[in-house]
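Here's the structure we're looking at; comments come further down.
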Amino acid sequence: VTLKVATISPEGSSWMKSMRASAKEIEKKTEGRVKIKFYTGGVMGNDQAVLKKIRFRQLQGGALTSSSLANTYPDSQLYTLPMVFRDQEEIDYVRAKLDQELLQGYEDNGFVVFGFAGGGFAYLMSKDPLKTIDDVRSHKVWIPSNDKAASEIVKAFDINPIPLSLGDVLPSLQTGIIDTVATSPIAAIALQWHTQVKYVIDLPILYIYAYFTVEKKAFNKLKPDDQKIFKAVMTNTFREINEKNKTENEAAKQALVNFGIEYIQPADVDRQAWYKIAAQVGPNMVEQGRISADLFAKLNQVIEEYRQQSNQTVNNAATTQSTASN
Amino acid sequence: MEWLLPVIIILLGLSGLPLYIVIVSLAMWGFYLAEIDLFVIAIEIYRLTDIPILSALPLFTFAGYLLSESKTSERLVAVSKALLGWLPAGLAIVTLLVSAIFTAFTGATGATIVALGALLYPALVSEGYRENFSLGLVTTSGSLGLLIPPALPLILYGVIAQQLDLEIQFTLQDLLVAGIIPALLMVFLLSVWAVVSNRQQTSQRVSFSWQRLGQAAKQSAWELPLVPLVLIGVYSGFFTLSEIAVISCVYLIIVEVFVYKEIPVKRLTTIGSQAMVMSGGIMIVLAVSLALANWMVDQSLPQQLFEWTKQYVDDKLSFLILLNIILLVLGAVLDIFSALVIMVPLILPVAASFGIHPVHLGIIFLANMQIGYLTPPIGMNLFIASYRFGKPIGEIFRSVVPFILLLLLALLMITYIPQLSLMFVG
Amino acid sequence: MQRLLNQLHRIEQGILWLMLVALIAAGLLQVILRNVFDTGILWNETLIRVLVLWLTLLGALCATVDNRHIKINIFDRLIPKPFISHWQSFLHLVSASVCFLVAYYSFGFVLEEYSYGEIAFGVVPVWVTESIIPIGFGLMGLRFAIQMVTCLTVSKEVN
Ligand code: NA
Ligand code: NA
């Protein structure tokens with residue numbers, strides 16, 4: 001069986017190297033029964049076009065980003081709620097508890113997913129030192145046209161965005177058509193946007209991730225043993241990519257500093273103001289039935305759990321320290 | 001059967017079956033053989049909506065129609081005559097320059113020969129230029145300017161190239177800038193020829209007068225700003241290409257309808273729908289060729305073509321020679337839009353594997369196609385000039401031979417000196 | 001019948017013109033919002049792209065009526081004069097069949113998309129924006145079929 005899968009990553013990227021290596025491993029372990037043919041660099045179109053081609057059976061799978069499957073499986077938007085996570089440790093803790101349930105959810109909705117590869121957080125990057133929400137509102141902010149997660153955010157924060165297609169962003173930054181973008185450090189460097197901004201608000205807005213999916217019907221056509229091999233190899237690959245990305249994210253964050261970009265720390269008041277507005281997005285979506293109440297409650301519970309634990313650790317550390325100083 | 005049907009379709013295509021029918025049926029047959037659901041045709045056609053700059057195409061077509069429907073060409077000629085008429089072979093050089101600009105806007109659709117040629121050919125003859133020189137000049141000038149933005153073929157090449165997965169990335173800006181020097185080179189070579197071949201001719205060299213220039217400039221004061229608007233807009237990146245297209249349309253409607261009053265409001269509807277028929281005819285071919293290109297990619301055709309080519313050609317230089325020969329032959333039989341949509345998805349990945357920059361390839365491609373406008377059996381400029389000036393095709397073709405040779409020289413320089421195109425890229 | 005067709009063609013041309021006006025208006029709105037007010041409407045870009053798709057298919061439809069499609073005529077000169085209109089009507093027959101085939105499959109596509117219920121922009125579902133593909137190709141097929149019949153009658157009259 002040959003599975004045809006598409007990705008927007010170009011040939012030669014580190015992502016494609018990992019994917020090709022695991023494809024080879026799968027082919028070897030299944031004694032040539034399962035092959036993967038890749039269509040790279042977006043030749044099959046964007047996420048929506050790829051999903052259509054999966055639905056109409058030209059493709060059997062693809063690499064997708066964050067909330068691309070929101071229409072088929074609304075709860076897949078859980079991790080892309082704005083500002084629910086404060087840092088990487090928090091998302092690690094949450095994902096360890098909730099990933100399984102989401103993966104099952106994808107599978108119940110017809111897509112076998114083998115894990116998520118985190119791509120770090122998106123930050124607001126600007127030519128000017130922005131701190132407050134009002135600062136952002138008075139700037140020319142780019143958001144991708146027709147992106148669900150992004151439009152939730154601008155709606156929540158009451159920002160008037162300038163929608164442009166990805167290719168127009170760099171020239172628009174150069175000429176001042178826009179002066180503020182939201183993206184991850186890795187993407188900012190890859191797309192050369194880092195040459196055009198000077199400041200980053202050190203406030204993670206949105207968790208970004210990618211995943212690889214094979215349509216369930218196509219996947220079920222593999223022999224059960226081959227399915228197990230496929231799942232094992234891909235799950236492992238995604239665990240590795242996910243870990244590697246964490247280091248790369250940190251490196252990219254540092255690289256931005258080396259490029260002379262300054263991280264702005266908003267005052268506690270401003271930080272709380274951001275969080276307060278962002279906190280309304282989830283409940284609103286639950287109320288409109290766009291995300292299940294159950295899962296959202298679970299997310300909050302896990303986050304709460306983590307924050308209490310880490311507070312305890314901090315307190316314990318503080319206690320130990322004060323004891324020691326005594 | 002597997003091969004018989006495509007061969008029949010292609011033969012029908014060479015005998016007058018509309019190109020988009022040919023392409024869509026080849027794509028459907030390919031998908032059918034590959035056991036891919038034919039729904040995919042609709043998905044591919046819908047992918048037109050993924051292309052961000054595509055709206056520039058119908059809008060610039062409309063702008064070009066507005067320009068050809070008014071007396072812009074007369075005013076443009078008057079200005080350049082006042083500006084350059086004092087040069088040796090002044091009027092010939094004026095013809096070359098004005099045609100290049102006019103073609104850039106109207107997209108080498110024959111409008112240049114019909115509007116400008118009809119105006120300049122009698123003027124050239126009455127100024128004492130040889131008749132076959134004049135005929136060759138206006139016929140050749142009809143496609144000069146294909147490399148100057150906002151020429152549609154240039155934009156279309158960018159659109160197609162950016163759908164492919166290439167290692168070297170480029171922006172549309174890069175491509176639009178790249179054509180300028182090669183275009184100027186062609187104008188320069190042809191101008192030199194105009195001077196050299198008419199040195200015995202005692203044409204009136206008008207002396208330069210500020211007054212005449214001022215008068216001419218005043219006449220076309222409303223249209224002249226359009227050229228710098230587009231060029232500066234494109235090169236500064238202050239506007240996106242689609243925005244420039246919108247601004248040009250709105251500006252031209254105001255100028256031609258309300259200032260010069262040369263286009264009655266009622267005629268706007270007709271001109272608009274004519275322009276949309278023209279751009280619809282191009283974009284439907286683009287749409288179905290997305291499907292055919294997708295099938296080629298699905299079947300790994302470009303890789304196979306590359307492997308095959310490598311058996312015969314193993315270095316960049318010989319590949320470029322082969323490329324020029326193939327493109328010249330193609331240019332002889334295909335029109336520019338067909339050649340672009342069919343050949344670019346096939347040739348570009350192969351060329352890229354030989355280390356040719358996609359922007360450079362685009363300029364080479366269009367320079368070849370420009371010559372194709374002048375070569376039988378399918379030479380748009382020959383047909384239009386023959387029709388417009390009432391001369392047999394054979395006579396027209398003989399008159400353009402020296403011009404073709406000069407354009408071939410320019411083509412060689414463009415091909416083997418990549419810096420001409422890539423000077424400002426990256 | 002002919003009057004009805006002319007009427008239809010005039011309607012098609014009218015829609016084509018309206019789409020062009022809409023395209024210019026939407027584009028102008030974007031330019032003004034961005035340059036004067038530093039803002040934009042999220043779905044405007046999508047609307048523009050959908051308009052281009054509609055202009056493509058409607059433009060191609062009108063090109064069918066006006067017989068202005070891009071063609072390559074190399075071998076058609078080899079066809080003996082008396083058979084030209086037969087040959088033409090044969091080409092129209094091929095074109096009509098291909099168009100109907102595309103219309104058939106894209107109709108199936110739109111039906112599936114309808115049941116999928118995705119939103120393109122504002123309140124407009126994706127299937128509505130896609131519906132021009134079967135409509136456009138269906139009408140083109142119809143036009144080719146009519147031209148085929150016309151060519152046949154002309155050749156009969158000549159004979
Ligand atoms: Na693009
Ligand atoms: Na030719």
Side-chain angles (χ1 to χ4, degrees), chain B residues 9 11-22 24-25 28 37-39 41-43 45-46 48-52 54-55 57-59 62 239 242-243 245-247 249-250 253 268-270 272-273 275-288 333-335 337-338 377-378, chain C residues 12-14 16-17 19-21 23-24 27-28 30-31 34-35 45-46 48-53 55-64 66 68-76 78-79 87-88 91 94-95 98-99 101-102 104-110 112 120 129-130 133-134 136 144:
Chain B
I9 294 171
L11 283 177
L12 288 179
L14 295 174
S15 329
L17 191 66
L19 186 65
Y20 80 106
I21 300 289
V22 175
V24 82
S25 37
M28 284 204 289
D37 227 310
L38 289 180
F39 286 137
I41 296 287
I43 303 179
I45 293 174
Y46 194 67
L48 273 192
T49 59
D50 288 347
I51 305 174
L54 203 60
S55 63
L57 226 130
L59 290 175
F62 182 46
F239 293 107
S242 333
E243 290 182 338
V246 171
I247 297 170
C249 282
V250 174
I253 291 177
L268 266 185
T269 327
T270 321
S273 42
M276 290 310 97
V277 169
M278 156 95 195
S279 71
I282 294 171
M283 290 191 300
I284 192 76
V285 177
L286 175 68
V288 293
V333 293
L334 291 182
D335 79 288
F337 293 113
S338 331
I378 307 294
Chain C
E12 288 159 359
Q13 280 174 323
L16 202 56
W17 165 246
M19 295 257 149
L20 175 62
V21 172
L23 181 66
I24 295 175
L28 195 64
Q30 202 169 21
V31 174
R34 185 173 77 66
N35 292 287
E45 173 77 21
T46 316
I48 288 176
R49 295 182 188 194
V50 170
L51 280 173
V52 172
L53 175 78
L55 275 172
T56 302
L57 280 137
L58 289 173
L61 173 60
C62 291
T64 309
D66 302 347
R68 284 191 48 196
H69 275 295
I70 298 177
K71 292 172 193 164
I72 303 164
N73 299 303
I74 297 180
F75 295 156
D76 61 339
L78 304 178
I79 292 157
W87 179 250
Q88 275 306 326
L91 290 183
V94 174
S95 303
V98 172
C99 283
L101 213 56
V102 176
Y104 170 77
Y105 281 106
S106 35
F107 180 68
F109 168 73
V110 172
E112 278 224 35
T129 65
E130 292 165 339
I133 303 174
F144 279 123

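To find a chain, count down the sequence lines: A is the first, B the second, and so on, and within it residues start at 1. Computed from a prediction, not measured in an experiment: that's the story for all the values here.
We find the OG-CG distance between Ser15(B) and Leu78(C) to be 8.0 Å, quoted to the nearest 0.5 Å.
Both the backbone and the side chain of Leu268(B) come within less than 4.5 Å of a heavy atom of chain C. With a 4.5 Å cut-off on non-hydrogen atoms, Ile133(C) touches chain B through its side chain but not through its backbone. Within the 4.5 angstrom heavy-atom criterion, only side-chain atoms of Thr64(C), from C-beta onward, approach chain B. Using a 4.5 Å cut-off between heavy atoms, Gln88(C) does not touch chain B at all. Looking at Ile247(B), only its side chain comes within 4.5 Å of chain C, counting heavy atoms on both sides. Within the 4.5 angstrom heavy-atom criterion, only side-chain atoms of Met28(B), from C-beta onward, approach chain C. For a residue to count as touching a neighbouring chain, one of its non-hydrogen atoms must lie under 4.5 Å from one of that chain's; by this rule Ser242(B) does not touch chain C.
For the pair Cys99(C) and Tyr20(B), the minimum side-chain heavy-atom distance is below 4.5 Å. Side-chain contact check for Ser273(B) versus Cys62(C): every heavy-atom pair is 4.5 Å or farther apart. Between Val52(C) and Thr49(B) there is no side-chain heavy-atom pair separated by less than 4.5 Å. Contact check for Met276(B) versus Met19(C): no side-chain heavy atoms found under the 4.5 Å cut-off. Put simply, the side chain of Ile284(B) reaches to within 4.5 Å of the side chain of His69(C), judged on heavy atoms. Contact check for Thr270(B) versus Trp17(C): no side-chain heavy atoms found under the 4.5 Å cut-off. Side-chain atoms of Leu53(C) and Ile45(B), non-hydrogen and from C-beta on, do get closer than 4.5 Å to each other.
Ring-plane geometry between Phe39(B) and Phe109(C) is classed as tilted, the angle between the planes lying from 30 to 60 degrees on a 0 to 90 degree scale.
Taking chain C as the reference chain and counting heavy-atom pairs below 4.5 Å, the highest number among Ile41(B), Leu11(B), Leu59(B), Leu38(B) is found for Leu38(B). Options Val21(C), Thr56(C), Leu16(C) differ in how many heavy-atom pairs under 4.5 Å they form with chain B, and the most are formed by Thr56(C).
Among residues at least two apart or in separate chains, there is no side-chain hydrogen bond (donor to acceptor under 3.5 Å, both in side chains) pair with a member in residues 277-287 of chain B.
Checking Val22(B), Leu12(B), Leu17(B) one by one against Ser95(C), the side-chain contact (heavy atoms from CB on, under 4.5 Å) holds for a single residue, Leu17(B).
For the residue pair Tyr46(B) / Ser106(C), no side-chain donor-acceptor distance below 3.5 Å is found, with atom types taken as modelled.
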